[in-house]
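Nothing here was measured: the structure is a model prediction, and the numbers come from that model.
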Amino acid sequence: MEMWKDRKNPGRQTYTILPGGYISPGAPLSENLNYREVVKAELYMDRNQPTMSLEEFSQNEMADVQRQMEQQQFQQQQQEEEDSRMNPEELEDRDRQRQMAKDDWRDVCPVEGITNKGNYLSLIHI
């Protein structure tokens, strides 16, 4: 082995016996001695680390629910204000237009089939 010390590439004749009886080509290097530990560390690395804690997630979810509730309340107030400004005939006309749009949509999007209970099944329900 002493004749290979001065060369950078010792060649195919040299090999390293790793723990567990495994054989690695090349001269023994300090990296090869801990090869198993390096492979284990890379193999069992936690690649899916959480980006936020459960507390942060719950706070974000609660904030989203709060925003949705506020938005629904705001839309409901707007609808009530619009209804208060309209007379009964205009309300009926608006409801009739909504129903016509719904019927037109159902004509364009036919039903997909009948369920076990005899109800018509459509991809999107209004």
| message | Please determine whether side chain to side chain donor-acceptor pair (under 3.5 Å) holds for the pair Q68 and D64, giving the CA-CA distance in whole Å, both sets of side-chain angles, and the decisive distance to 0.1 Å. | response | CA-CA 6 Å; Q68 289 174 359; D64 287 343; over 6 Å; no
| Could R85 and E90 be called an ion pair, given the rule that one side-chain N must be under 4.0 Å from one carboxylate O? |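 Salt bridge flag = no for E90 with R85.
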| said: When you measure from the side chain of Q75 to the backbone of Q72, do you find a donor-acceptor pair of N or O atoms at a distance under 3.5 Å? | reply: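 No.
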Could you check whether atom [atom1] of [X] has more than 12 heavy atoms from other residues, nucleotides or ligands sitting under 6.0 Å from it?
{"X": "N48", "atom1": "CG", "result": "no"}
{"X": "E89", "atom1": "CD", "result": "no"}
{"X": "L54", "atom1": "CG", "result": "no"}
{"X": "M52", "atom1": "CE", "result": "yes"}
{"X": "E55", "atom1": "CD", "result": "no"}

| query | Is the shortest heavy-atom distance from the side chain of M100 to the side chain of D103 under 4.5 Å? | reply |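 No. Closest side-chain heavy atoms not under 4.5 Å.
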| request: Would you please name every residue forming a side chain to side chain contact (heavy atoms under 4.5 Å, CB included) with D93, sequence neighbours left out? | output: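 Once residues adjacent in sequence are excluded, the partners of D93 under the side chain to side chain contact (heavy atoms under 4.5 Å, CB included) criterion are R96, Q97.
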| query | Roughly how far, to the nearest 0.5 Å, is the CD atom of E56 from the OG1 atom of T51? | reply |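 Atom-to-atom, T51:OG1 and E56:CD are 8.5 Å apart.
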| Which value, rounded to the nearest 0.5 Å, describes the distance between Q99 atom CD and D104 atom CG? | 10.0 Å
| request: Go through the steps for K102 and R98 under the test side chain to side chain contact (heavy atoms under 4.5 Å, CB included), then give the verdict. | output: CA-CA 6 Å; K102 190 180 203 181; R98 285 183 181 171; over 6 Å; no
| task | Can you spot which of E70, Q78, Q71 makes a side-chain contact (heavy atoms from CB on, under 4.5 Å) with F74? | result |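 With F74 as partner, side-chain contact (heavy atoms from CB on, under 4.5 Å) holds for just one option, Q78.
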| Without hydrogens or angle criteria, can the side chains of D83 and Q79 be said to hold a donor-acceptor pair below 3.5 Å? | yes
